[in-house]
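See structure below.
Proteins get letters first, then strands, A, B, ... in listed order; numbering begins at 1 in each.
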Amino acid sequence: MLAFVTVGSTRFDSLVQAVLSQPVLSTLRLKGYTRLVVQCGNSSFELASSISGEKTLVVEREGVDIELWNFKPTLQKEYESADLVISHAGSGTILDVLRLGKPLIVVVNPTLLDNHQQELAAALADLGHLQHSTIPDLAQTIQSFEPSSLTPFPPFDGSRFAKLLDEHMGFS
Amino acid sequence: MSLSLFVLLVLLAALVRIYWILPSANTTRGKRKRSTEPRSLAVFLGSGGHTTEALALVSALDFSRYIPRTYIISQGDNLSAQKAASLELTKGVLSTKSKDEYTILKIPRARRVHQSLLTTPPTAVVALVACIYHIVIAPFFRKGRPVFADVLLVNGPGTCFTLCLGVYVNKFFGLPASQIIYVESFARVKSLSLSGRLLRPLADRFVVQWPQLLQYKGRGEYHGWLV
(Lines give C-alpha, C1' and ligand atoms only; values in the text may rest on other atoms or scores of the structure.)
Protein backbone atom coordinates (compact mmCIF):
# COMPACT_ATOMS: atom_id res chain seq x y z
CA MET A 1 0.00 0.00 0.00
CA LEU A 2 1.02 3.59 -0.62
CA ALA A 3 0.93 6.52 1.78
CA PHE A 4 1.18 10.07 0.41
CA VAL A 5 2.27 13.03 2.52
CA THR A 6 1.75 16.66 1.42
CA VAL A 7 2.79 19.92 3.10
CA GLY A 8 1.06 22.24 0.60
CA SER A 9 2.49 25.27 -1.17
CA THR A 10 4.81 26.41 1.63
CA ARG A 11 6.61 24.30 4.23
CA PHE A 12 5.90 22.12 7.25
CA ASP A 13 9.31 21.11 8.62
CA SER A 14 8.11 19.05 11.57
CA LEU A 15 5.70 17.00 9.45
CA VAL A 16 8.40 15.99 6.95
CA GLN A 17 10.82 15.27 9.79
CA ALA A 18 8.18 13.21 11.62
CA VAL A 19 7.20 11.02 8.67
CA LEU A 20 10.88 10.22 8.05
CA SER A 21 11.42 9.28 11.69
CA GLN A 22 11.83 5.68 12.83
CA PRO A 23 8.58 5.42 14.88
CA VAL A 24 6.35 6.68 12.06
CA LEU A 25 8.09 4.63 9.36
CA SER A 26 7.92 1.43 11.44
CA THR A 27 4.24 2.01 12.13
CA LEU A 28 3.54 2.59 8.46
CA ARG A 29 5.42 -0.62 7.59
CA LEU A 30 3.49 -2.50 10.27
CA LYS A 31 0.18 -1.30 8.84
CA GLY A 32 1.20 -2.52 5.38
CA TYR A 33 2.42 0.71 3.81
CA THR A 34 5.56 -0.35 1.94
CA ARG A 35 5.66 2.80 -0.18
CA LEU A 36 5.74 6.41 0.95
CA VAL A 37 5.68 9.50 -1.28
CA VAL A 38 6.41 12.86 0.36
CA GLN A 39 5.68 16.25 -1.22
CA CYS A 40 8.10 18.34 0.84
CA GLY A 41 7.51 21.89 -0.44
CA ASN A 42 10.15 24.23 0.96
CA SER A 43 10.42 22.30 4.22
CA SER A 44 13.77 22.11 5.92
CA PHE A 45 14.93 18.57 6.88
CA GLU A 46 18.04 16.41 6.69
CA LEU A 47 17.65 15.45 3.00
CA ALA A 48 16.26 18.79 1.77
CA SER A 49 19.45 19.66 -0.10
CA SER A 50 19.17 16.48 -2.21
CA ILE A 51 15.91 17.50 -3.89
CA SER A 52 14.82 20.48 -5.92
CA GLY A 53 11.69 21.16 -7.95
CA GLU A 54 10.38 17.92 -9.42
CA LYS A 55 13.73 16.18 -8.95
CA THR A 56 13.01 13.09 -6.93
CA LEU A 57 15.07 11.43 -4.24
CA VAL A 58 14.48 7.74 -3.56
CA VAL A 59 15.59 6.17 -0.27
CA GLU A 60 14.71 3.08 1.71
CA ARG A 61 14.25 3.14 5.48
CA GLU A 62 12.68 0.75 7.96
CA GLY A 63 11.55 -1.40 5.03
CA VAL A 64 9.66 1.46 3.40
CA ASP A 65 10.48 2.70 -0.11
CA ILE A 66 10.42 6.49 0.13
CA GLU A 67 10.13 9.03 -2.68
CA LEU A 68 10.75 12.70 -1.89
CA TRP A 69 10.22 15.82 -4.01
CA ASN A 70 9.27 19.50 -3.59
CA PHE A 71 6.35 20.40 -5.83
CA LYS A 72 4.23 19.26 -8.77
CA PRO A 73 1.70 21.40 -10.65
CA THR A 74 -1.14 19.14 -9.49
CA LEU A 75 -1.32 16.40 -6.87
CA GLN A 76 -4.46 14.77 -8.24
CA LYS A 77 -2.56 11.69 -9.49
CA GLU A 78 -0.82 11.29 -6.15
CA TYR A 79 -4.13 11.44 -4.28
CA GLU A 80 -5.67 8.91 -6.65
CA SER A 81 -2.90 6.34 -6.26
CA ALA A 82 -2.62 6.74 -2.48
CA ASP A 83 -4.25 4.39 0.05
CA LEU A 84 -3.70 6.94 2.82
CA VAL A 85 -3.06 10.70 2.67
CA ILE A 86 -1.34 12.57 5.49
CA SER A 87 -1.55 16.33 4.99
CA HIS A 88 -1.38 19.87 6.31
CA ALA A 89 -4.71 21.56 7.08
CA GLY A 90 -5.14 23.43 3.77
CA SER A 91 -8.79 23.55 2.75
CA GLY A 92 -8.04 22.84 -0.92
CA THR A 93 -6.11 19.70 -0.06
CA ILE A 94 -8.77 18.54 2.38
CA LEU A 95 -11.58 18.98 -0.17
CA ASP A 96 -9.64 17.31 -2.99
CA VAL A 97 -8.70 14.27 -0.90
CA LEU A 98 -12.09 13.78 0.75
CA ARG A 99 -13.91 14.11 -2.58
CA LEU A 100 -11.81 11.20 -3.86
CA GLY A 101 -12.92 9.19 -0.85
CA LYS A 102 -9.35 8.71 0.38
CA PRO A 103 -8.60 8.15 4.08
CA LEU A 104 -7.07 11.37 5.40
CA ILE A 105 -5.02 12.25 8.47
CA VAL A 106 -4.63 16.03 8.91
CA VAL A 107 -1.71 17.10 11.07
CA VAL A 108 -1.95 20.29 13.11
CA ASN A 109 0.86 22.73 12.36
CA PRO A 110 2.02 23.98 15.78
CA THR A 111 3.65 27.04 14.20
CA LEU A 112 0.27 28.20 12.86
CA LEU A 113 -1.81 28.05 16.03
CA ASP A 114 -4.03 30.98 15.07
CA ASN A 115 -4.51 29.78 11.53
CA HIS A 116 -8.23 29.46 10.79
CA GLN A 117 -7.49 26.48 8.55
CA GLN A 118 -7.02 24.37 11.67
CA GLU A 119 -10.70 25.09 12.41
CA LEU A 120 -11.82 23.37 9.22
CA ALA A 121 -9.80 20.23 9.98
CA ALA A 122 -11.15 20.14 13.53
CA ALA A 123 -14.76 20.62 12.39
CA LEU A 124 -14.47 17.88 9.78
CA ALA A 125 -12.79 15.58 12.31
CA ASP A 126 -15.74 16.16 14.68
CA LEU A 127 -18.06 15.03 11.87
CA GLY A 128 -15.92 11.92 11.37
CA HIS A 129 -14.80 12.75 7.82
CA LEU A 130 -11.09 12.74 8.64
CA GLN A 131 -8.62 11.98 11.42
CA HIS A 132 -6.92 14.83 13.24
CA SER A 133 -3.43 14.42 14.70
CA THR A 134 -0.56 16.31 16.25
CA ILE A 135 3.10 15.77 15.37
CA PRO A 136 4.04 13.86 18.58
CA ASP A 137 0.94 11.63 18.23
CA LEU A 138 1.42 10.85 14.54
CA ALA A 139 2.82 7.31 14.92
CA GLN A 140 0.12 6.46 17.47
CA THR A 141 -2.60 7.95 15.24
CA ILE A 142 -1.48 5.91 12.22
CA GLN A 143 -1.34 2.80 14.43
CA SER A 144 -4.93 3.13 15.67
CA PHE A 145 -6.41 4.69 12.50
CA GLU A 146 -9.22 2.66 10.94
CA PRO A 147 -10.17 4.16 7.54
CA SER A 148 -13.39 2.14 7.54
CA SER A 149 -14.59 3.98 10.65
CA LEU A 150 -14.65 7.33 8.81
CA THR A 151 -17.96 8.86 7.76
CA PRO A 152 -18.09 9.12 3.94
CA PHE A 153 -17.78 12.72 2.76
CA PRO A 154 -20.84 13.85 0.76
CA PRO A 155 -20.25 14.32 -2.98
CA PHE A 156 -20.35 17.78 -4.54
CA ASP A 157 -23.95 19.01 -4.66
CA GLY A 158 -24.15 21.92 -7.07
CA SER A 159 -27.95 22.08 -6.98
CA ARG A 160 -28.04 24.17 -3.79
CA PHE A 161 -26.09 27.09 -5.18
CA ALA A 162 -27.76 26.77 -8.60
CA LYS A 163 -31.18 26.98 -6.91
CA LEU A 164 -30.13 29.94 -4.76
CA LEU A 165 -28.85 31.97 -7.71
CA ASP A 166 -31.61 30.92 -10.11
CA GLU A 167 -34.27 32.02 -7.61
CA HIS A 168 -32.46 35.26 -6.89
CA MET A 169 -32.15 36.08 -10.58
CA GLY A 170 -35.76 35.20 -11.35
CA PHE A 171 -35.35 31.89 -13.18
CA SER A 172 -37.68 29.81 -11.05
CA MET B 1 -21.20 80.19 5.73
CA SER B 2 -23.58 79.40 2.90
CA LEU B 3 -20.88 77.31 1.19
CA SER B 4 -20.30 75.18 4.27
CA LEU B 5 -24.04 74.76 4.65
CA PHE B 6 -24.22 73.65 1.02
CA VAL B 7 -21.36 71.13 1.50
CA LEU B 8 -23.06 69.86 4.62
CA LEU B 9 -26.35 69.39 2.77
CA VAL B 10 -24.62 67.55 -0.07
CA LEU B 11 -22.86 65.27 2.40
CA LEU B 12 -26.10 64.62 4.21
CA ALA B 13 -27.87 63.83 0.94
CA ALA B 14 -25.03 61.46 0.01
CA LEU B 15 -25.33 59.69 3.36
CA VAL B 16 -29.09 59.32 2.98
CA ARG B 17 -28.51 57.99 -0.53
CA ILE B 18 -25.94 55.42 0.71
CA TYR B 19 -28.29 54.33 3.46
CA TRP B 20 -31.07 54.04 0.89
CA ILE B 21 -29.06 51.78 -1.49
CA LEU B 22 -27.72 49.43 1.19
CA PRO B 23 -29.50 46.07 1.13
CA SER B 24 -31.99 45.89 3.97
CA ALA B 25 -30.98 43.80 6.93
CA ASN B 26 -33.74 41.24 6.91
CA THR B 27 -34.49 40.56 3.26
CA THR B 28 -32.54 37.69 1.86
CA ARG B 29 -34.83 37.02 -1.08
CA GLY B 30 -34.16 39.02 -4.19
CA LYS B 31 -36.96 40.74 -6.00
CA ARG B 32 -35.75 40.14 -9.52
CA LYS B 33 -38.36 40.05 -12.21
CA ARG B 34 -39.19 36.60 -13.51
CA SER B 35 -37.00 35.98 -16.48
CA THR B 36 -36.42 33.51 -19.23
CA GLU B 37 -33.80 35.67 -20.93
CA PRO B 38 -30.21 34.80 -20.00
CA ARG B 39 -28.55 36.94 -17.32
CA SER B 40 -24.95 38.07 -17.47
CA LEU B 41 -22.62 36.80 -14.76
CA ALA B 42 -19.27 38.05 -13.48
CA VAL B 43 -17.21 36.08 -11.00
CA PHE B 44 -14.00 37.12 -9.27
CA LEU B 45 -11.32 34.41 -9.10
CA GLY B 46 -9.13 35.36 -6.16
CA SER B 47 -6.45 32.70 -6.83
CA GLY B 48 -5.71 29.51 -4.88
CA GLY B 49 -8.56 28.19 -2.77
CA HIS B 50 -10.74 31.20 -3.65
CA THR B 51 -10.53 30.30 -7.34
CA THR B 52 -11.23 26.61 -6.67
CA GLU B 53 -14.35 27.40 -4.65
CA ALA B 54 -15.62 30.13 -7.02
CA LEU B 55 -15.29 27.82 -10.02
CA ALA B 56 -17.04 25.01 -8.14
CA LEU B 57 -19.98 27.39 -7.57
CA VAL B 58 -20.02 28.44 -11.23
CA SER B 59 -19.77 24.82 -12.40
CA ALA B 60 -23.11 24.18 -10.69
CA LEU B 61 -24.94 26.69 -12.88
CA ASP B 62 -26.97 26.10 -16.00
CA PHE B 63 -24.72 27.94 -18.47
CA SER B 64 -27.59 28.61 -20.87
CA ARG B 65 -29.08 30.89 -18.22
CA TYR B 66 -25.92 32.90 -17.50
CA ILE B 67 -24.60 34.50 -20.68
CA PRO B 68 -22.13 36.05 -21.09
CA ARG B 69 -19.83 34.97 -18.27
CA THR B 70 -16.93 37.18 -17.20
CA TYR B 71 -14.09 35.71 -15.16
CA ILE B 72 -12.28 38.52 -13.35
CA ILE B 73 -8.71 37.72 -12.38
CA SER B 74 -5.84 39.69 -10.90
CA GLN B 75 -3.06 40.68 -13.25
CA GLY B 76 -0.58 37.82 -13.53
CA ASP B 77 -2.84 35.12 -12.08
CA ASN B 78 -2.56 32.88 -15.13
CA LEU B 79 -3.45 29.75 -13.19
CA SER B 80 -6.95 31.07 -12.45
CA ALA B 81 -7.37 32.03 -16.12
CA GLN B 82 -6.38 28.50 -17.17
CA LYS B 83 -8.79 26.94 -14.69
CA ALA B 84 -11.65 29.14 -15.92
CA ALA B 85 -10.93 28.22 -19.54
CA SER B 86 -10.79 24.56 -18.60
CA LEU B 87 -14.16 24.79 -16.81
CA GLU B 88 -15.68 26.37 -19.92
CA LEU B 89 -14.27 23.50 -21.97
CA THR B 90 -15.59 20.76 -19.70
CA LYS B 91 -19.04 22.31 -19.58
CA GLY B 92 -18.90 21.72 -23.32
CA VAL B 93 -21.22 24.54 -24.24
CA LEU B 94 -18.63 26.27 -26.37
CA SER B 95 -20.09 25.64 -29.78
CA THR B 96 -18.70 27.57 -32.74
CA LYS B 97 -21.38 30.21 -32.47
CA SER B 98 -21.07 30.77 -28.73
CA LYS B 99 -17.32 31.38 -28.58
CA ASP B 100 -17.86 34.80 -27.07
CA GLU B 101 -20.01 33.48 -24.25
CA TYR B 102 -17.16 34.11 -21.83
CA THR B 103 -14.32 36.55 -21.35
CA ILE B 104 -11.44 36.83 -18.95
CA LEU B 105 -11.02 40.29 -17.49
CA LYS B 106 -7.71 41.21 -15.85
CA ILE B 107 -7.63 43.88 -13.18
CA PRO B 108 -4.58 45.29 -11.34
CA ARG B 109 -3.93 43.90 -7.90
CA ALA B 110 -4.94 46.14 -5.00
CA ARG B 111 -2.04 44.76 -3.00
CA ARG B 112 0.60 42.22 -4.00
CA VAL B 113 1.69 39.52 -1.57
CA HIS B 114 4.36 40.96 0.76
CA GLN B 115 3.85 44.45 -0.65
CA SER B 116 4.83 47.05 1.93
CA LEU B 117 1.93 48.85 3.62
CA LEU B 118 3.48 52.19 2.59
CA THR B 119 3.05 51.51 -1.13
CA THR B 120 -0.34 49.81 -0.81
CA PRO B 121 -2.54 52.94 -0.98
CA PRO B 122 -1.35 54.00 -4.50
CA THR B 123 -1.74 50.50 -5.95
CA ALA B 124 -5.15 50.18 -4.30
CA VAL B 125 -6.21 53.44 -5.98
CA VAL B 126 -5.02 52.14 -9.37
CA ALA B 127 -7.05 48.95 -8.76
CA LEU B 128 -10.13 50.93 -7.75
CA VAL B 129 -9.89 53.19 -10.81
CA ALA B 130 -9.63 50.10 -13.04
CA CYS B 131 -12.67 48.52 -11.37
CA ILE B 132 -14.69 51.73 -11.74
CA TYR B 133 -13.70 51.93 -15.39
CA HIS B 134 -14.84 48.35 -16.10
CA ILE B 135 -17.98 48.45 -13.97
CA VAL B 136 -19.23 52.04 -14.33
CA ILE B 137 -17.83 53.51 -17.55
CA ALA B 138 -17.19 50.68 -20.03
CA PRO B 139 -20.82 49.41 -20.01
CA PHE B 140 -21.96 52.71 -21.59
CA PHE B 141 -19.97 51.90 -24.72
CA ARG B 142 -21.29 48.38 -25.03
CA LYS B 143 -24.14 47.20 -27.19
CA GLY B 144 -27.26 46.01 -25.42
CA ARG B 145 -28.00 46.70 -21.77
CA PRO B 146 -25.59 49.11 -20.11
CA VAL B 147 -24.74 46.94 -17.11
CA PHE B 148 -21.39 45.37 -16.27
CA ALA B 149 -23.07 42.11 -15.24
CA ASP B 150 -26.49 41.26 -13.86
CA VAL B 151 -24.86 39.35 -11.04
CA LEU B 152 -21.39 39.58 -9.49
CA LEU B 153 -20.23 36.53 -7.55
CA VAL B 154 -17.38 37.05 -5.06
CA ASN B 155 -15.78 34.99 -2.30
CA GLY B 156 -12.67 36.97 -1.38
CA PRO B 157 -9.90 37.76 -0.80
CA GLY B 158 -10.08 41.40 0.31
CA THR B 159 -9.40 42.81 -3.16
CA CYS B 160 -12.87 41.81 -4.38
CA PHE B 161 -13.98 44.70 -2.17
CA THR B 162 -12.83 47.15 -4.86
CA LEU B 163 -15.13 45.45 -7.40
CA CYS B 164 -18.06 45.85 -5.05
CA LEU B 165 -17.19 49.53 -4.53
CA GLY B 166 -17.50 49.91 -8.31
CA VAL B 167 -20.96 48.36 -8.16
CA TYR B 168 -21.87 50.81 -5.40
CA VAL B 169 -20.86 53.76 -7.58
CA ASN B 170 -23.52 52.54 -10.03
CA LYS B 171 -26.05 52.12 -7.25
CA PHE B 172 -25.27 55.57 -5.89
CA PHE B 173 -26.04 57.24 -9.21
CA GLY B 174 -29.06 55.05 -9.89
CA LEU B 175 -27.36 53.29 -12.81
CA PRO B 176 -28.07 49.62 -13.59
CA ALA B 177 -26.03 47.72 -10.98
CA SER B 178 -25.01 44.10 -10.46
CA GLN B 179 -26.52 41.99 -7.74
CA ILE B 180 -23.66 41.09 -5.39
CA ILE B 181 -23.60 37.50 -4.16
CA TYR B 182 -20.96 36.78 -1.51
CA VAL B 183 -20.20 33.17 -0.55
CA GLU B 184 -17.87 32.79 2.42
CA SER B 185 -15.17 30.14 2.02
CA PHE B 186 -15.83 26.55 3.13
CA ALA B 187 -12.65 26.95 5.21
CA ARG B 188 -14.34 29.58 7.43
CA VAL B 189 -15.93 27.63 10.25
CA LYS B 190 -16.01 29.92 13.28
CA SER B 191 -14.96 33.36 12.11
CA LEU B 192 -15.65 35.45 9.01
CA SER B 193 -12.78 36.40 6.71
CA LEU B 194 -11.75 40.04 6.27
CA SER B 195 -13.56 40.26 2.94
CA GLY B 196 -16.59 38.64 4.56
CA ARG B 197 -16.69 41.25 7.29
CA LEU B 198 -16.23 44.08 4.76
CA LEU B 199 -18.88 42.85 2.34
CA ARG B 200 -21.53 41.57 4.74
CA PRO B 201 -23.43 44.89 4.82
CA LEU B 202 -22.93 45.47 1.07
CA ALA B 203 -23.78 42.15 -0.59
CA ASP B 204 -27.34 41.45 -1.73
CA ARG B 205 -26.92 37.85 -0.59
CA PHE B 206 -24.41 36.88 2.08
CA VAL B 207 -23.99 33.10 2.24
CA VAL B 208 -21.90 31.11 4.72
CA GLN B 209 -21.11 27.39 4.62
CA TRP B 210 -21.03 26.62 8.35
CA PRO B 211 -24.05 27.32 10.58
CA GLN B 212 -21.75 28.54 13.38
CA LEU B 213 -21.21 31.73 11.35
CA LEU B 214 -24.89 32.68 11.67
CA GLN B 215 -24.19 33.65 15.28
CA TYR B 216 -23.05 37.04 13.98
CA LYS B 217 -25.94 39.42 14.36
CA GLY B 218 -27.42 40.74 11.17
CA ARG B 219 -27.15 39.36 7.71
CA GLY B 220 -26.24 35.88 6.61
CA GLU B 221 -27.78 32.67 5.35
CA TYR B 222 -26.76 29.02 5.38
CA HIS B 223 -27.80 26.40 2.82
CA GLY B 224 -25.34 23.62 3.63
CA TRP B 225 -22.03 23.09 1.89
CA LEU B 226 -21.94 24.64 -1.56
CA VAL B 227 -18.51 23.52 -2.82
Side-chain angles (χ1 to χ4, degrees), chain A residues 6 8-10 41 71-76 79 87-100 106 108-109 112-127 129-130 132 151-172, chain B residues 28-41 43 47-54 56-66 79 82-83 150-151 153 178-181 183 185-194 204-205 207 209-213 221-227:
Chain A
T6 172
S9 56
T10 54
F71 295 106
K72 280 186 187 175
T74 162
L75 301 178
Q76 203 66 17
Y79 300 149
S87 90
H88 71 121
S91 60
T93 305
I94 291 176
L95 264 180
D96 287 345
V97 174
L98 292 185
R99 280 276 147 73
L100 286 172
V106 171
V108 180
N109 189 339
L112 299 173
L113 269 186
D114 292 329
N115 191 317
H116 71 267
Q117 293 203 318
Q118 312 291 340
E119 285 176 14
L120 178 68
L124 291 172
D126 285 345
L127 295 170
H129 296 306
L130 55 81
H132 214 194
T151 309
F153 192 68
F156 173 62
D157 180 3
S159 67
R160 295 168 182 164
F161 181 70
K163 182 167 173 280
L164 185 155
L165 195 61
D166 282 351
E167 281 177 6
H168 189 84
M169 298 310 288
F171 283 117
S172 45
Chain B
T28 53
R29 296 283 163 264
K31 293 181 183 67
R32 305 290 91 198
K33 274 184 293 193
R34 272 186 157 272
S35 168
T36 46
E37 288 292 297
R39 302 289 201 158
S40 53
L41 166 88
V43 54
S47 88
H50 297 284
T51 293
T52 309
E53 288 201 28
L57 296 174
V58 172
S59 78
L61 300 175
D62 177 349
F63 273 22
S64 67
R65 289 179 167 178
Y66 298 94
L79 199 56
Q82 281 169 25
K83 286 179 174 169
D150 292 314
V151 58
L153 173 63
S178 315
Q179 288 287 303
I180 301 174
I181 312 285
V183 180
S185 167
F186 176 64
R188 287 294 175 162
V189 178
K190 292 180 184 165
S191 61
L192 292 175
S193 63
L194 174 64
D204 295 283
R205 298 289 288 269
V207 187
Q209 300 194 61
W210 289 89
Q212 294 92 311
L213 291 177
E221 49 187 305
Y222 167 72
H223 302 276
W225 295 340
L226 304 177
V227 297

Discussion item. The test is side-chain contact (heavy atoms from CB on, under 4.5 Å); show your working for B/Y66 and A/M169 and say whether it passes.
Written reply: CA-CA 10 Å; B/Y66 298 94; A/M169 298 310 288; 4.1 Å; yes
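In this structure, the portions of A/D166 lying under 4.5 Å from any heavy atom of chain B include both its backbone and its side chain. B/T52 does not touch chain A: none of its heavy atoms, backbone or side chain, sits under 4.5 Å away. When heavy atoms are compared at a cutoff of 4.5 Å, B/S193 does not approach chain A at all. Interface residue B/W210: only side-chain heavy atoms are found under 4.5 Å from chain A. Heavy atoms of B/E37 lying under 4.5 Å from chain A belong exclusively to its backbone.
The heavy-atom pair separating B/V189 from A/A123 by the smallest distance is CG1-CB, 3.8 Å. Nearest approach of A/S91 to B/A187, heavy atoms of both residues: CB-CB, 3.5 Å. What you find for A/F171 and B/R39 is that their closest heavy atoms are CZ-CG, 3.5 Å. Contact record, B/A56 with A/F156: O-CZ, 3.3 Å, taken as the closest heavy-atom pair.
Residue A/L164 forms a side chain to side chain contact (heavy atoms under 4.5 Å, CB included) with just one option from B/V183, B/L57, B/V207, and that option is B/V207.
Put simply, CZ on B/R205 and CD on A/E167 are 7.5 Å apart, with the number rounded to the nearest 0.5 Å. Separating the OG atom in A/S159 from the CG atom in B/L61 is a distance of 11.5 Å, to the nearest 0.5 Å. Here the CG-NE2 distance, from A/D157 to B/H223, works out to 13.0 Å after rounding to the nearest 0.5 Å.
Contact of the B/L153 side chain with the A/F161 side chain is registered, since non-hydrogen atoms from C-beta on lie closer than 4.5 Å. A/H168 has its side chain out of reach of B/V151: every pair of non-hydrogen atoms, C-beta onward, lies at least 4.5 Å apart.
Ranked by heavy-atom pairs under 4.5 Å with chain B, the first of A/T93, A/I94, A/L165, A/L124 is A/L165.
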